[in-house]
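Both counts, for ligands and for their atoms, begin at 1 and track the order of listing. Values in this document were obtained by computation on a predicted structure and should not be read as measured data.
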Amino acid sequence: MSLTVCNVHLTPKSEKMVYVSHTLLKQLNLSGKRSVRLHLGSSSIPVTVKPIRKAGKHMYIPASLRQRFRVPKSGSVFLLNETEGEVQLGPLIGIMSDAAQRSSTHPFGSRTSFIKQILKAGSKKGYVFAFAPRDINWQNETVYAYFINEAGTWVRRTVPLPDVIYNRLPSRKAETSTYINTLRERFVRRNIPFFNWSFFNKSDVYALLKDEVAANRYVPESVMNPNADVIKDMLDKHQFVYYKPTAGSLGIGIYRLTYLPKKGYFARYTTGGKNILLRFKKFSSLMRMLEGRHGRSLRNYVVQQGVRLAEIDGCPIDFRFHVHKNGENKWVVVGIGAKKAGKGSVTTHVKNGGQLMTPKQALERTFGDRAGEIIDKAKDVAVELAEAIERNYPHRLGELGFDLGIDRDEQVWMFEANAKPGRSIFKHPALRSEGRSSVEHILEHCLYLSKFHRREEP
Ligand SMILES: Nc1ncnc2c1ncn2[C@@H]1O[C@H](COP(=O)(O)OP(=O)(O)O)[C@@H](O)[C@H]1O
Ligand SMILES: [Mg+2]
């Protein structure tokens, strides 16, 4: 097998011949060959090759072939030569997302700038494009793709189905539809690697880790769809619990419930930007309040042992660990953001008054010179958790965002794992380079999955 970089030129010629420089032919073990099968993503065509004298590695593709062989642009690209007489151009990398409203400048809504960042960073690694499910034509096996040109503006091209797909579909609800399920199955059936499959539910992740003895130590005791007796028992056992929607995010619908003997039951939550604290003499009154506010949707709640987080100025802090699979298919921690809760807030979300910090800033204030050691241990935990989730998850994973807490005894706890992690931590000036590294890791993992490793032979 050989992998090499070549310069693709798109010519206006109408002949059916592909001109290839001598150096490139030699590199691809094609010297003396007259016909070759060229592949791009899911499509391939037989072509006649003609050697030309030109220094360097060049391939000239005439316009007449471009109708059928949809090379999106000229420039440098990888060539993979696994089987004799077969040459694959690429990789063709698809970033799948969507938006309720697509404008010409923001076809992917609020995700547009992140997607642009991936496409820009990937422009030298292959053909990287973005698309929405509705851009796929299954009959022709093509995608009406979004590329960016050198000026950074969007251009549309029709390309074959890609070699690999990074899933950033934004809607939890749409993702459970038959339409999207069928779409994913179709990619799998065609052996097109697809990561990440979908958003996680909190309780699904806790369940995945149940039999992972080592990793499960980091999961606070949790019960899905608890009845009143279970919530009461958990309060008796742990003094305080978190009660949260299993498919929730951004802290929406989360309660912190506390039991103080002789004082009663307390519920803390945020609504309409305000932090509320309610006190109940009787447990049944607390339950009535929760049922009154949520009714049947409480069935999708999980009750979880409360963890006494390390604090700064009396406000709890927790952490986002952004982990990726790299070009060698190994999990690595790429960025860590620390978050200090807003005064009186149940969660650390910035939207609820939380403050973003670097982990060092946060931990040095609480644990002094033990900070470095604690961060290193938490990094190992994040990798261990990612590996354990992956072992038990039926689909391919390449990126995860963990919400981790560290308690006053330095024990690490996992509150949730996000399969479509947000990128707000990378807005911190000290974490911008980690943000770029995160994008690089996405691309490197795509190269790995598409078999286009960067192992160029001399
Ligand atoms: N069991 C818990 N103990 C202590 N704090 C918790 C617990 N569960 C959640 N939290 C706090 O609430 C925040 C939000 O919880 P999380 O499970 O991440 O839900 P969401 O999906 O809304 O982000 C966490 O980042 C953490 O600060
Ligand atoms: Mg969270």
With a 4.0 Å cut-off on N to O distance, would you call Glu399 and Lys420 a salt bridge? no
Taking the six-membered ring for Trp and the single ring otherwise, decide whether the centroids of Phe283 and Tyr259 are under 6.0 Å apart. no
Numbering the atoms of ligand 1 from 1, which are under 4.0 Å from a heavy atom of His349? 14 (C), 22 (O), 23 (O)
Ignoring hydrogens and geometry, is there a side-chain-to-backbone donor-acceptor pair from Thr112 to Phe108 under 3.5 Å? yes
Show all protein N/O/S atoms under 2.8 Å from the Mg ion (ligand 2), or state that there are none. Asp403 OD2, Glu416 OE2
For Thr348, the ligand 1 atoms with a heavy-atom partner under 4.0 Å come out as 25 (O), 27 (O)
So, for Phe187 and Trp138, is the gap between ring centers shorter than 6.0 Å? yes
Are any of the N/O atoms on Ile252, whether in the backbone or the side chain, positioned under 3.5 angstrom from an N/O atom of ligand 1? no
So if I count the atoms of ligand 1 from 1 in the order they appear, which ones are less than 4.0 Å from some heavy atom of Gly248? 21 (O)
Can you pull out the closest protein heavy atom to atom 16 (P) of ligand 1? Residue, atom name and distance to 0.1 Å, please. Glu416 OE2, 3.7 Å
For atom 1 (N) of ligand 1, what's the nearest protein heavy atom and its distance? Gln305 O, 2.8 Å
Quick one: nearest non-hydrogen protein atom to atom 10 (N) of ligand 1, plus distance? Tyr242 CE2, 3.5 Å
Has Arg423 got a side-chain atom pairing as donor or acceptor with Gly435's backbone, closer than 3.5 angstrom? yes
Using the ring centroid of each side chain, check whether Phe195 and His324 are separated by less than 6.0 Å. no
List the steps, then state whether side-chain contact (heavy atoms from CB on, under 4.5 Å) holds for Arg184 with Phe194. CA-CA 8 Å; Arg184 286 184 293 218; Phe194 180 102; 3.5 Å; yes
Centres of the Phe131 and Phe129 rings: under 6.0 Å? yes
Taking distance alone, with no angle check, do Gly251 and ligand 1 share an N/O pair under 3.5 Å? yes
Does the Asn326 side chain pair with the main chain of Val332, one donor and one acceptor, at a distance under 3.5 Å? no
Report yes or no: is the cationic atom of Arg256 (NZ for Lys, CZ for Arg) closer than 6.0 Å to the six-membered ring centre of Phe240, at no more than 45° off its axis? yes
Would you tabulate the side-chain donor-acceptor contacts of residues 266-278 under 3.5 Å, counting partners in other chains and residues two or more places apart, or write 'none'?
from: Thr270; atom 1: OG1; to: Asn275; atom 2: OD1; distance (Å): 3.0
from: Asn275; atom 1: ND2; to: Lys343; atom 2: O; distance (Å): 3.1

For atom 9 (C) of ligand 1, what is the nearest protein heavy atom, given as residue, atom name and distance? Lys244 NZ, 3.3 Å
Going by heavy atoms, is Lys202 under 4.0 Å from ligand 1? yes
Between Lys210 (side chain) and Asn216 (backbone), is there a donor-acceptor pair under 3.5 Å? no
In the protein, which heavy atom is nearest to atom 3 (N) of ligand 1, and how far is it? Val307 N, 2.9 Å
Aromatic contact, Tyr146 with Trp154 (centres under 6.0 Å): yes
Below 3.5 angstrom, do we get any N/O pair linking Gly306 and ligand 1? no
Which of the ligand 1 atoms, numbered from 1, are nearer than 4.0 Å to a heavy atom of Ile254: 14 (C), 15 (O), 19 (O), 22 (O)
min-distance protein heavy atom vs atom 13 (C) of ligand 1 -> Thr347 CB, 3.7 Å
Asp318 heavy atoms within 4.0 Å reach ligand 1 at atoms 24 (C), 25 (O), 26 (C), 27 (O)
Give a yes/no on ligand 1: does Arg256 have at least one heavy atom closer than 4.0 angstrom to it? no
Is the distance between the ring centroids of Phe426 and His322 under 6.0 Å? yes
